[in-house]
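Worksheet: the structure to be examined is printed underneath.
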Amino acid sequence: MAELLNFKNCCVGYLVISTLVWMFSSYAYLDNRRREINDPEQKDYDLRAVFFAPFTWPFLLFGGAVFTIIKAVFFGVFLLVFSLAVAVIRKPFFWPLIEPIVSRIGRRLLKANTFLVRLFDRDP
């Protein structure tokens, strides 16, 4: 009997959340339709996508949770490996790899900023 009650509560919860998701997607679709034709924020949504929303949200929620957990695990592994590498090697092993990129970005920024300084440094 308790299992039936739990199943009923799950179904009611799913219906409530699905109704909310359907209302949110409907509102977003109507809001998008109200935008002007040349508005850069306007997207090309299909009306049928609104009716798929109650069926796809559980998969997207599960996928988002799994993706977040995987990102956290990879970040933890990277943090551990990087910390161990810095403690064991004790020399900047990554600097030769990133030095050309840093130098190129720095030169471009200096060139652009020098141009701006000289542009606004003119006497009237």
Side-chain angles (χ1 to χ4, degrees):
M1 189 65 178
E3 291 84 12
L4 189 59
L5 183 62
N6 289 339
F7 181 73
K8 179 186 153 208
N9 289 339
C10 286
C11 289
V12 169
Y14 178 78
L15 288 175
V16 168
I17 293 173
S18 294
T19 304
L20 286 173
V21 166
W22 181 73
M23 289 179 357
F24 295 162
S25 63
S26 299
Y27 176 77
Y29 179 79
L30 290 175
D31 185 48
N32 187 56
R33 289 288 301 243
R34 283 188 216 128
R35 294 185 186 274
E36 295 179 16
I37 299 297
N38 56 358
D39 189 1
E41 295 286 322
Q42 186 185 28
K43 307 290 187 222
D44 186 26
Y45 296 129
D46 192 347
L47 178 61
R48 293 173 289 187
V50 172
F51 297 105
F52 283 125
F55 305 109
T56 57
W57 75 262
F59 300 109
L60 296 175
L61 181 70
F62 179 73
V66 168
F67 183 67
T68 302
I69 291 170
I70 289 173
K71 278 193 334 184
V73 167
F74 279 132
F75 179 73
V77 169
F78 169 76
L79 197 60
L80 182 67
V81 168
F82 186 75
S83 300
L84 288 174
V86 168
V88 170
I89 296 175
R90 293 185 184 253
K91 67 177 183 177
F93 60 91
F94 56 91
W95 181 251
L97 300 174
I98 65 169
E99 192 269 333
I101 298 168
V102 170
S103 181
R104 186 173 65 233
I105 292 172
R107 282 192 305 269
R108 288 183 182 172
L109 281 172
L110 284 175
K111 183 179 176 183
N113 289 340
T114 302
F115 172 75
L116 289 174
V117 166
R118 289 181 182 158
L119 182 69
F120 290 108
D121 195 28
R122 296 180 184 170
D123 290 328

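At least one side-chain heavy atom of Leu116 sits under 4.5 Å from a side-chain heavy atom of Asn113. At a threshold of 4.5 Å between non-hydrogen side-chain atoms, the residues Arg108 and Arg104 count as touching. At a threshold of 4.5 Å between non-hydrogen side-chain atoms, the residues Gln42 and Glu36 do not count as touching. Within the 4.5 Å cutoff, the side chain of Thr19 has heavy atoms near those of the Met23 side chain. With contacts defined as side-chain heavy-atom distances shorter than 4.5 Å, the pair Ser25/Phe52 does not qualify.
Across all their heavy atoms, Asp46 and Arg48 have their closest contact at OD2-NH2, 2.6 Å. Summarising the geometry of Tyr45 relative to Asn32, their closest heavy-atom pair is CD1-ND2, 3.4 Å, with the distance given to 0.1 Å. For the residue pair Trp57 and Ser18, the shortest heavy atom distance occurs at NE1-OG, 3.0 Å. Of all non-hydrogen atoms in Leu97 and Ile101, the two that sit nearest each other are O-CD1, 4.4 Å.
Other residues, nucleotides and ligands place no more than 12 heavy atoms under 6.0 Å from the CZ atom of Phe55. Atom CG of Asn38 is surrounded by more than 12 heavy atoms from other residues, nucleotides or ligands within 6.0 Å. When the shell of 6.0 Å around CZ of Arg118 is examined, it contains 12 or fewer heavy atoms from other residues, nucleotides or ligands.
Between atom CG of residue Leu20 and atom CG of residue Leu15 there is a gap of 11.0 Å, rounded to the nearest 0.5 Å. The distance from atom OG1 of Thr114 to atom CG of Leu119, rounded to the nearest 0.5 Å, is 12.0 Å. Note that SG of Cys10 and CG of Leu5 are 10.0 Å apart. Values are rounded to the nearest 0.5 Å. Between Phe67 atom CZ and Ile70 atom CD1 the span is 8.0 Å, to the nearest 0.5 Å. The OG1 atom of Thr56 sits 11.0 Å away from atom CG of Leu61, with the distance rounded to the nearest 0.5 Å.
Taking the six-membered ring where the residue is Trp, Phe78 and Phe75 present tilted rings, their angle falling between 30° and 60°. Between Trp22 and Phe51, the two ring planes are tilted [angle within 30° to 60°].
Grouping the Ile, Leu, Val, Met, Phe, Trp and Tyr side chains by contacts below 4.5 angstrom, directly or via other members, places Val73 apart from Val66.
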